[in-house]
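Below is one structure, written out as structure tokens; the observations come after it.
All figures in this text were calculated on a predicted structure; none of them were measured in a lab.
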Amino acid sequence: MAVAVIGGGIVGMSTAWSLRRRGEEVTVIERGSIGESASGVNAGWVTPSLSTPLASPGVVGLGLTHALDPNGALSIRPRLDTDWIRWLWKFARAARPSAYESGVRALLHLNRHTLELFDEFHDDGVDFEMHSAGLLALAQSADGLKWFSQLFDQLVPMGFPGRVEYLSGDEARQRDAAVGLGVQAAAHTSIDRHVNPESLLQGLHKRVTEMGVTVLQHTAVEAVTPAGTGWSIRLPDTSLDVDQVVVALGVATNTILAPLGFTLPIIGAKGYSIDIRGAGTSPRHALYLMEPKLGLSPYHDALRIAGAFELPARDERVPEQRIRNLVDQVHPYLAGWAPDARVDARAGRAGLRPATPDSLPFIGPVPGHHGLYIAAGHGMLGVTLAPATAEGIAEMITTRRIPESMLPFQLAGRTR
């Protein structure tokens with residue numbers, strides 16, 4: 001069976017791997033270069049412990065409060081736009097306690113084999129940087145960990161397999177020499193990891209090519225149209241006829257769907273990151289700075305600072321002051337390591353995370369369009385959820401059956 005995967009981000013490349021190892025003939029079509037999209041800008045966290053919906057009780061009020069705060073971790077900006085107002089109304093409804101709890105359960109179920117799948121990447125020869133020391137959440141006061149402890153109190157009764165260890169500031173400094181004196185409380189999760197997302201994408205690219213997948217870079221899809229029992233994909237210089245199509249374009253998903261008379265409530269949420277170098281002992285763990293809601297990922301050659309969730313967003317412009325603020329907010333949490341005195345804020349990057357009203361991705365067939373599948377809308381959880389998403393899509397295509405873990409992520413009833 002010939003399958004085209006449109007989009008070469010982490011979800012698209014994982015899907016190509018899952019389909020090819022089931023014996024399908026796969027072509028990936030990427031409008032840019034592999035690794036350049038939002039998939040390569042994020043913190044690279046593989047965090048089942050934090051896989052919860054953004055749409056949660058109190059989040060709308062918090063986001064509106066910080067709408068104009070240049071340092072706000074979450075900002076929801078009012079806009080007189082019908083689609084945005086409809087999206088925000090659905091987001092508010094999804095933030096009700098009962099809906100939030102259902103979302104937590106769905107993501108927990110989806111994640112049950114996540115770590116095994118990352119190990120399968122490695123065992124299959126995908127070469128990428130991965131760290132398994134876990135996640136340290138750092139707070140400047142005991143109250144700063146309140147959200148974290150409430151989250152675990154909710155996850156454990158649902159069958160979450162991980163555990164959390166609560167630490168004093170001194171214990172956190174003993175655990176990781178990079179932790180600063182401003183940290184008074186911490187929590188260490190047992191199962192979380194982090195990867196270098198660019199290395200993961202390049203590793204997947206190399207491996208799927210070895211497996212026989214065709215990867216077309218710098219190739220824009222001009223149209224996707226039904227053709228007999230399959231689909232025809234018009235490219236700038238040719239066309240490609242396939243049996244099945246998987247659209248994994250994140251924020252740009254509707255550029256393919258809209259001409260087919262179908263749209264999804266996916267909007268862009270801007271996040272930022274910068275890779276910096278410094279002196280001293282780099283952190284051993286991925287660090288979650290609780291008060292500013294920033295993620296720090298130590299890699300072999302740099303420390304990545306990532307954060308912010310600005311709704312709605314339509315471009316990837318990077319205000320230099322926004323990047324400087326990210327770097328400045330890190331200082332109180334670190335001691336054994338310090339960034340270089342001259343951090344070039346122009347090296348900061350931004351990416352548009354595909355956000356849905358209920359904070360759950362769309363994973364499954366498009367109603368009324370046989371052979372057309374969507375894998376998009378993963379928000380801040382793209383790296384964590386990509387392997388499980390890919391396995392679900394591959395199973396649907398090869399067996400014509402929707403796995404139980406995929407039922408909450410179907411398109412029916414969740415579109416505009």
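For the residue pair Thr47 and Thr384, the shortest heavy atom distance occurs at N-OG1, 3.0 Å. Contact detail for Pro197 and Ser39: the closest heavy-atom pair is CB-O, 3.2 Å. Looking at every heavy atom in both residues, Val246 comes nearest to Thr15 through CG1-CG2, 4.3 Å. Across all non-hydrogen atoms, the minimal contact from Leu326 to Tyr272 is CD1-CB, 3.8 Å. Between Ile10 and Gly382 the shortest heavy-atom distance is CG2-O, 3.9 Å. Between Ile393 and Ile374, the closest heavy-atom pair is CD1-O, 3.6 Å.
Side-chain atoms of Val251 and Ile267, non-hydrogen and from C-beta on, never get closer than 4.5 Å to each other. The closest side-chain heavy-atom distance from Val221 to Ile256 is below 4.5 Å. A 4.5 Å side-chain heavy-atom check between Phe121 and Arg207 finds every atom pair outside the cut-off. A 4.5 Å side-chain heavy-atom check between Asp243 and Val3 finds every atom pair outside the cut-off. With contacts defined as side-chain heavy-atom distances shorter than 4.5 Å, the pair Phe160/Leu108 qualifies. The shortest distance between side-chain heavy atoms of Asp153 and Leu151 does not fall below 4.5 Å. A heavy-atom distance below 4.5 Å is found between the side chains of His113 and Glu116. Between His378 and Leu360 there is no side-chain heavy-atom pair separated by less than 4.5 Å.
Distance alone, capped at 3.5 Å, is enough to place a donor-acceptor pair between the Gln217 side chain and the Ile34 backbone. With hydrogens and angles ignored, the 3.5 Å screen pairs a side-chain donor or acceptor of Gln410 with a backbone N or O of Ile363. Side-chain atoms of Ser199 do not come within 3.5 Å of backbone N or O of Val195 as any donor-acceptor pair. Using modelled atom types, no side-chain atom of Asn196 and backbone atom of Met130 make a donor-acceptor pair closer than 3.5 Å. Panel note: side chain Glu129, backbone His300; a donor-acceptor pair is recorded below 3.5 Å. Looking at Arg20, its side chain does come within 3.5 Å of a backbone N or O of Glu24 through a donor-acceptor pair. One N or O on the side chain of Trp87 and one on the backbone of Pro265 form a donor-acceptor pair closer than 3.5 Å. Between the side chain of Ser190 and the backbone N or O of Arg163, at least one donor-acceptor pair lies under 3.5 Å. Side-chain atoms of Ser75 never come within 3.5 Å of backbone atoms of Glu310 as a donor-acceptor pair (strictly under, hydrogens ignored). With hydrogens and angles ignored, the 3.5 Å screen pairs a side-chain donor or acceptor of Thr356 with a backbone N or O of Ser359.
By the 6.0 Å contact criterion, CD on Glu25 is open, its count of non-hydrogen atoms from other residues, nucleotides or ligands being 12 or less. For Arg346, the CZ atom is loosely surrounded, since the number of other residues' heavy atoms within 6.0 Å does not exceed 12. For Asp127, the CG atom is loosely surrounded, since the number of other residues' heavy atoms within 6.0 Å does not exceed 12. The environment of CD in Glu222 is crowded: more than 12 heavy-atom neighbours from other residues, nucleotides or ligands sit within 6.0 Å. No more than 12 heavy atoms of other residues, nucleotides or ligands lie within 6.0 Å of NE2 in His122, so this atom counts as exposed by the packing criterion. For Lys206, the NZ atom counts as loosely surrounded, since its 6.0 Å shell holds 12 or fewer non-hydrogen atoms of other residues, nucleotides or ligands. Within a 6.0 Å sphere centred on CZ of Arg112, heavy atoms belonging to other residues, nucleotides or ligands number more than 12. Within 6.0 Å of CZ on Arg401 lie more than 12 heavy atoms contributed by other residues, nucleotides or ligands.
To the nearest 0.5 Å, atom CE of residue Met158 and atom CG of residue Leu107 are 10.5 Å apart. Between the NE2 atom of His188 and the CG atom of Asp176 there is a distance of 9.0 Å, given to the nearest 0.5 Å. Rounding to the nearest 0.5 angstrom, the gap separating the CG atom in Leu296 from the OG atom in Ser273 is 11.5 Å. Here Asp358 contributes atom CG and Phe91 contributes atom CZ; the two are 10.0 Å apart, rounded to the nearest 0.5 Å. The structure places CD of Gln202 at 8.5 Å from OG of Ser33, a figure rounded to the nearest 0.5 Å. Taking CG from Leu19 and CE from Met211, the interatomic distance works out to 9.5 Å, rounded to the nearest 0.5 Å.
Seen from the ring of Phe362, Arg414 counts as a face-on cation partner, given the 6.0 Å and 45° thresholds.
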Would Arg193 and Asp119 satisfy salt bridge (charged side-chain N to carboxylate O under 4.0 Å, His left out), going step by step from the backbone distance to the final call?
CA-CA 11 Å; Arg193 307 178 187 180; Asp119 289 337; 2.9 Å; yes

Please walk me through it: do Asp81 and Arg314 pass salt bridge (charged side-chain N to carboxylate O under 4.0 Å, His left out)?
CA-CA 13 Å; Asp81 178 276; Arg314 295 176 177 171; 3.7 Å; yes

Pair Arg21-Asp124, salt bridge (charged side-chain N to carboxylate O under 4.0 Å, His left out): steps then yes or no:
CA-CA 10 Å; Arg21 71 174 186 160; Asp124 187 53; over 6 Å; no

side-chain contact (heavy atoms from CB on, under 4.5 Å) between Leu385 and Phe409, worked out
CA-CA 12 Å; Leu385 300 179; Phe409 308 102; over 6 Å; no

Might you work through the side-chain contact (heavy atoms from CB on, under 4.5 Å) test for Val215 and His205, ending with a clear yes or no?
CA-CA 8 Å; Val215 179; His205 182 193; 3.7 Å; yes

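With sequence neighbours excluded, the residues that form a side chain to side chain contact (heavy atoms under 4.5 Å, CB included) with Ala137 are Leu145, Phe148, Ala187, Tyr288, Met290.
Side-chain polar atoms of Gln321 and Asn325 form a donor-acceptor pair below 3.5 angstrom. Side-chain contact check for Trp45 and Ser297: at least one donor-acceptor pair (N or O, by modelled atom type) lies under 3.5 Å. A donor and an acceptor atom, one from each side chain of Asn254 and Thr263, are nowhere located under 3.5 Å apart.
Salt-bridge check for Asp275 with Arg304: passed, with a basic side-chain N closer than 4.0 Å to an acidic carboxylate O. One finds a salt bridge joining Glu165 and Arg175 here, because a Lys/Arg side-chain nitrogen approaches an Asp/Glu carboxylate oxygen to under 4.0 Å.
His131 and His194 have parallel rings, their planes meeting at less than 30° on a 0 to 90° scale where 60° marks the start of perpendicular.
Test Ser18, Ser405, Ser14 against Glu391 for side chain to side chain donor-acceptor pair (under 3.5 Å) and you get one pass: Ser18. Each of Leu289, Ile323, Val330 was compared with Ile305 under the side-chain contact (heavy atoms from CB on, under 4.5 Å) criterion, and only Val330 meets it. Here the options are Glu36, Glu320, Glu198, the test is salt bridge (Lys or Arg N to Asp or Glu O under 4.0 Å), and the partner is Arg349; only Glu198 passes.
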